[in-house]
Amino acid sequence: MGENQPGYREWTMSDSTRTDYLDLDTKDETFLDATELVLNMGPQHPSTHGVLRVILKLDGEKVLGTECVIGYLHRGVEKIGENRTYAMFNPYVDRMDYVASVSNGLGYCEAVEKLLNVEAPPRAQYIRVILTELCRIASHQVWLGTHALDIGALTPLFYCFRDREEILKIFEKYCGARLTTHAFRIGGCIYEAYDGFEQDCQKFCDAFLPKLDEYEELLTTNRIWVRRTKGVGILNPEDCIALGVTGPVLRAAGVKWDLRRAQPYEAYKDFDFEIPTGLNGDTYDRYLVRIEEMRQSVRIIRQAVEGLPQGPIMAKVPKVIKPPVGEIYHSIEAPKGELGYFIVSDGSTQPYRVRVRPPSFVNLQALDKMVRGLLVADVVAVIGTLDIVLGEVDR
Amino acid sequence: MIPVATTFFFYFLAVLAIGSAIAVITQRNPVHAALALIVTLLALAGFYLMLYAPFVAGVQIVLYAGGIMVLFLFVIMLVNLEQNIREYQFNKQWLVGTIVALALGGLLLFVYRTGRGTFPTVFYQGYRGLEGDNTQQIGLALYGQYMLPFEIASLLLLVAIVGAVVMAKKRI
Amino acid sequence: MSLKPLLRKLFLVDLIKGLKVTFNYQAPSEAITEQYPLERPVIFERFRGQPRLNSNPDTGESLCIVCNLCALACPEQLIVVKGERNPTTKRKEVVSWTYDLSRCMFCGLCAEACSTDALELTQDYEMALYTREGMVLDQAALERGQEPKRYEK
Amino acid sequence: MFDAITKYLSSATTPGEAGSIFWATIYILIITAGISLSVIAMNWLERKILAHMQIRLGPMRVGPHGLLQPFADALKLLIKEDIIPAEADKLVFWSAPVVVTMTAFTTFLVVPFGRTHAVTDMNIGILFMLGVSSLGVLGIIMAGWSSNSHYPLMGSLRSSAQMVSYEIAMGLAIICAVLMTSLQTGTGTLSMIGIVEAQASQHTWFIFKFFPLGFLAFGVFAIAMVAETNRAPFDLPEAESELVAGFHTEYSGFRWSLFFLAEYAAMLAVSSIAVTLWLGGWMRPFPNWLSGSIWNLAFSLFPALTLFVLAGLCLLGTARMPKIPQMKIQTVGLGIFGLLLGFIGLVLIIPGVRERVQDIYWFVVKVAFFMYMYIWYRGTFPRYRFDQLMKVGWKVLLPTGLAVLIATALWGLLPQISSAIVGVLP
């Protein structure tokens, strides 16, 4: 892109690591000041959650500025969408946030349903809610395990994965796959709940809550954990809104914004649940918010399983999906934040444009703001607390 | 403790000490020089052991080799080394330096020659008695006879610590 | 700070609580490791694994009617079905049927599209091979299903 | 010649004191081999215990229950390609693991595994151990700097700062123990054997002396020693989630395994200091309460009993092994291992051997306790941040250590002080 092209912007390393607006008074530097160190964290690094590359500018161990380099996992999902029919594109969205693939599928199916102006039958909606909430728990468990691992606690990872296994088993029993589930179809669900689905969910809920207490015993009051997370990576509500940060990161800053409540989709208006919020917007609050969200998810699952209505699971959708000309933006509350799909239809069987608003990508922007002036160890903690999945950042 | 192969160890340590001392001033890389200095200090600790002063040897290792040199290396490693390596190793005062060194060497030789009689020629058993309570002797001397100098020295160190903090800290 | 939190902090209650959790989990019966080749995982009925072409158990004829719906449904376009109308029975019969397993993402759309339940994703999950050859399955391989594999170097 | 060799065996001293070079050499060889073997055992145990804490099984394939896994790993590391980064300072890079390993092993010269089971009894034993182990940090710094890479450099900087600051707290705690040898008895010593003998003559382990002061000093030491050896939760120099592997990021193969060896040897070394200073060294538990020849006999049978229990567990495991052809070799191997342990147990019942080995057994059991704690910490705690680590060292441990030191001195001098006060009073 040349200099005269529209959209051209000068972008240099020094630009992204400006320090003049920071509270680092460079005036009384002493002769003992070490020279700045530029450290490449990633793309191969144990705690960048995949292939994120963060260029850190350091003064000793203090972070002066960061620059994120992304795109190592780019697979062109949005472009693929333009070359597939609406139904065919469904399995691809599972592969963006592969930790919470059910939510991805839900968002896409709902967006297309909105475009087609159909609504999934109540039973399908309830099944969808149960699965997405299970998926939220699974995603938060992966987050908790890796976040704790980044901060040095090895063990919670294995406990989390043990409990996540139960969720994945439910997924496998329901739709035949554990990770990239492809559980929902446009217009409802294709799979009827299997025999014992309700019991499995109830059993999981009963077993999970004591396990959650165990995680908390390991971490919540642990003085090392508290010290490592309290006051680290603070984002105040104004910054959150300015940066477009959503999900638990936003709620930890004290903003009570949850799309399940703010713009109820599916059957969420039927359920009674709290939206946990934090006070300080630091890493510890984000931890507490997510832990509480898991509890609330269990609550939703219990209600949904108890009130699971009978009836069809698929709305009347033509075999060949040809939405009318138009465009739609639909967003849901994915485990990581607002997951939006913007679909432009030209009336053919294939979307003209699919644009995904991934929560990880937007939340990652806040990294620089959060880590300036902190130490290297905090960068790792903050990347962990943002709960990014590089498949979704790069798409 | 019965000494074993005393002569061998003496010459071994002497060669080690002198060799690494020469390396300290001839090495261009300051890190290598500092490492050579550590070897010298360790060899000196060996000498103290041979002189039946185990406590002094232990302190030599703990403080000089283990503590001070670690911090020394710490600082050197952060300095931009490439520039140092490119610089001339000897500056213009080398002539004066040689004269001063020769003078010092002559003085030491003179002292050794005139005071030769006071040096023991063999290890006599009296020293060995000291070995056991070497630590105690030093303690008594330090906190009895030399109490005031000791306290003054520690005060000096305290001032140095405060000074270092003032210099290193941007804001106090 | 009031007395109770201070005492809790002094006596390391928070740390000891965590230590207790990890200590109690040490019993070997708690271990959930699955020793894979010796222990086989439980595969559930709806698992989407290796594809299989079903044939009529009575006559041994393929159930595939060469309607091409699976090939149309496949997002990766990895199914190629060629058929020919048999002049005597007036039925379309398979000439060639290939399934490129190396590109498959097991979304299950082909099996859903199949109108005669001929194409099915089975519970077999061990599909790794040492070479790329053999990843493209023809009709015979698809009807045979997965053979028990011996892993040899 | 033969006389000179056997003369030592009848004497009840260490080879160093007896002046027997032959036996000193033998002891050094045995200790070096023993430490290497225990590092290997520790490697297996750490994986197994950590795995079980994390509801995993750990190594299971190489040998029965993965018993041969450490050997397989060692072999792999030995034959692995040895990489030196192009821009590295070759000489320093080469010598760093040597320095680290040498210092870690040298400390064991003065560790008393029993009254007669030490290479020598140095009268500055504890100072020697501190000094030599403080040299280990040199190797770490050299490794970090010579790799010419940012992660190792930061790791080594962290390491040196951490070691220098925690050595102070550690030293204060050690001084408390040294004070305890002299206070109210009058025979102060820095010798490792002397310290244990002082505990024997005072009929108490120093951890219980001047309660709670001994316990507090032990606590300070126990925390500082974890930091000294760069283990979780103070494993910042090699924090894998931040600095990849810290100072040994660029090392591979045999050189890397030397660092590993040195780390575990250092853990064993500081644990032995702790055992010697506070837990009565080689002394068996309750020598005062449960005294008498019957109790002596009972306690001297403990080593054999432990091995019998282990052998029994192995044989039980053999019986429980799945009866399938693939596991046959493993089943037989485990059975043979169990029988081997049982045989060693039988050897340990022989009276002459029993008496000599008993000291070592109790020492090893106490050290093993610390080793278990190391693994347990690693399985439970998150990692401190660097500034917090420094805060703990300088603002918590150092003042506590100083206070305990002063309190110990005052308590020890209580008789003199009280008599002085009584003397002043009319």
Side-chain angles (χ1 to χ4, degrees), chain A residues 34 36-42 44-49 55-58 60-62 145-163 165 211 214 217-220 222-232 283 287 374-381 383-384, chain D residues 46-47 49-58 144 148-162 223 226-227 230-246 249 374-392 395-396:
Chain A
E36 281 166 4
L37 188 80
V38 175
L39 188 70
N40 264 302
M41 198 185 238
Q44 277 83 38
H45 187 277
S47 56
T48 49
H49 291 233
I55 302 172
L56 295 171
K57 203 166 154 199
L58 302 174
E61 289 228 2
K62 196 169 170 185
T146 51
H147 183 39
L149 189 67
D150 287 348
I151 296 188
L154 309 172
T155 312
L157 179 79
F158 295 96
Y159 296 168
C160 286
F161 270 65
R162 170 196 59 190
D163 301 334
E165 191 67 23
K211 301 280 169 58
E214 228 158 52
E217 239 162 71
L218 275 174
L219 298 175
T220 306
N222 187 309
R223 65 187 66 190
I224 307 173
W225 179 263
V226 173
R227 275 200 206 174
R228 278 302 299 275
T229 51
K230 240 185 191 153
V232 170
T283 305
Y287 160 78
L374 301 183
L375 302 175
V376 178
D378 293 329
V379 177
V380 169
I383 292 176
Chain D
E46 168 150 30
R47 283 163 158 199
I49 295 174
L50 202 60
H52 281 299
M53 280 178 177
Q54 298 170 342
I55 54 173
R56 297 181 285 128
L57 284 176
N148 199 10
S149 166
H150 284 157
Y151 287 116
L153 184 66
M154 284 172 72
S156 70
L157 290 184
R158 282 179 174 192
S159 164
S160 44
Q162 177 176 336
I223 297 172
V226 179
N230 298 337
R231 290 282 300 189
F234 304 106
D235 55 346
L236 296 149
E238 46 200 89
E240 77 274 0
S241 64
E242 297 151 28
L243 300 184
V244 187
T249 306
Y374 269 121
I375 301 169
W376 198 4
Y377 294 154
R378 190 175 166 203
T380 311
F381 295 140
R383 184 180 300 117
Y384 269 112
R385 204 172 59 200
F386 190 63
D387 56 331
Q388 291 161 354
L389 172 102
M390 284 299 177
K391 230 175 245 171
V392 171
K395 292 190 178 167
V396 180

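As a basis for the values below, the full set of heavy atoms in this structure was taken, side chains included, without hydrogen atoms, waters or symmetry mates. Chain letters run A, B, ... following the sequence lines, proteins first, then strands; residues in each count from 1.
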When rounded to the nearest 0.5 angstrom, what distance separates CG in D:Asp387 from CG in A:Asp378? 7.5 Å
Side-chain contact test, heavy atoms from C-beta onward, threshold under 4.5 Å: evaluate it for D:Tyr151 versus A:His45 and give yes or no. yes
Does NZ or CZ of D:Arg56 fall inside the cone over A:Phe158's six-membered ring, less than 6.0 Å from its centre and within 45° of the axis? yes
Does any part of the side chain of A:Leu375, heavy atoms only, come nearer than 4.5 Å to the side chain of D:Arg385, both counted from C-beta? yes
Within a strict 4.5 Å, meaning less than it, do heavy atoms of the A:Arg227 and D:Tyr384 side chains meet? yes
Determine whether A:Thr155 and D:Thr380 make a side-chain contact, defined as any pair of heavy atoms from C-beta on separated by less than 4.5 Å. no
Ignoring hydrogens, what is the shortest heavy-atom contact between D:Arg383 and A:Arg228? Give both atom names and the distance. O-NH1, 2.9 Å
Check each atom of A:Leu149 against the heavy atoms of chain D and say whether the ones under 4.5 Å are side chain, backbone, both or neither. backbone
Would you check, one step at a time, whether the test side-chain contact (heavy atoms from CB on, under 4.5 Å) holds for D:Arg378 with A:Leu154? CA-CA 8 Å; D:Arg378 190 175 166 203; A:Leu154 309 172; 3.8 Å; yes
For A:Tyr159, is there any backbone N or O sitting under 3.5 Å from a side-chain donor or acceptor partner on D:Gln54? no
Using a 4.5 angstrom heavy-atom cutoff, name the option from A:Leu218, A:Asp150, A:Ile151 with the most pairs to chain D. A:Ile151
Check whether any side-chain heavy atom of D:Phe386 sits under 4.5 Å from a side-chain heavy atom of A:Val376, and report yes or no. no
Side chain, backbone, both or neither: which part of A:Val232 has an atom under 4.5 Å from a heavy atom of chain D? side chain
